[in-house]
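Reviewing the structure listed below.
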Amino acid sequence: MKILTRKHFDLPADPWVRLELDTTDTQRVAAMVEAAVRHQAMVRILGARGSGKTRALRHALQRYPDLRVVEPLRLTRDKLHMSDIEIALVRRQP
């Protein structure tokens, strides 16, 4: 099966593909991440698939270039469990 793309039809690149807007949700995530960093706490961010949770989180973490982020090693984020997060925290090296 051949996947057809915009390039295949000689169409210009999608101008909206890299568009990043600072939305209310992004600001809310940034405020929660800032509070969690300040108090050394954990934050849980919930939302529908494709709602921009990961992008908003990474955008918020860019404010702290010296912060060490620990990410679980699970390849499928759909099946992430609390135990995966606990293991990532335990495996964290100073």
Side-chain angles (χ1 to χ4, degrees):
M1 178 175 174
K2 186 174 183 178
I3 297 176
L4 302 177
T5 62
R6 296 176 68 86
K7 188 175 183 179
H8 177 79
F9 295 111
D10 295 324
L11 295 172
D14 187 358
W16 306 107
V17 74
R18 298 279 181 210
L19 180 67
E20 291 187 14
L21 298 173
D22 194 18
T23 64
T24 305
D25 288 334
T26 305
Q27 293 172 358
R28 193 175 300 134
V29 168
M32 291 301 297
V33 169
E34 184 177 337
V37 168
R38 191 170 51 246
H39 296 285
Q40 298 182 352
M42 295 178 74
V43 175
R44 179 175 68 172
I45 300 171
L46 302 173
R49 171 182 259 168
S51 63
K53 299 176 298 292
T54 302
R55 193 197 70 75
L57 179 62
R58 290 191 174 141
H59 180 74
L61 289 174
Q62 287 177 354
R63 295 181 181 186
Y64 306 97
D66 297 335
L67 184 69
R68 183 151 191 268
V69 178
V70 178
E71 293 189 33
L73 298 175
R74 177 75 62 146
L75 296 178
T76 54
R77 291 186 309 185
D78 297 348
K79 298 180 181 177
L80 187 67
H81 299 270
M82 187 62 195
S83 61
D84 297 322
I85 297 169
E86 291 171 345
I87 290 170
L89 290 172
V90 169
R91 287 185 179 165
R92 179 177 70 113
Q93 306 239 340

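The figures here come from the full heavy-atom set of this structure, side chains too, leaving out hydrogens, waters and symmetry mates.
- Counting heavy atoms from C-beta on, the side chains of Thr26 and His59 come closer than 4.5 Å.
- Of all the heavy atoms in Ala30 and Ala60, the pair that sits closest is CA-CB, 3.6 Å.
- Listed by chain and number, the residues in a side chain to side chain contact (heavy atoms under 4.5 Å, CB included) with Leu46 are Arg44 (sequence neighbours excluded).
- Applying the side chain to side chain donor-acceptor pair (under 3.5 Å) test to Arg63 and every residue at least two apart in sequence or in another chain returns nothing.
- Interatomic distance, CZ of Arg55 versus OG1 of Thr23, reported as 6.5 Å (0.5 Å rounding).
- Qualifying side chain to side chain contact (heavy atoms under 4.5 Å, CB included) partners for Gln27, counting only residues two or more places apart in sequence or in other chains: Asp22.
- Residues Lys53 and Val29 form no side-chain contact, since every pair of their non-hydrogen atoms from C-beta on lies 4.5 Å or further apart.
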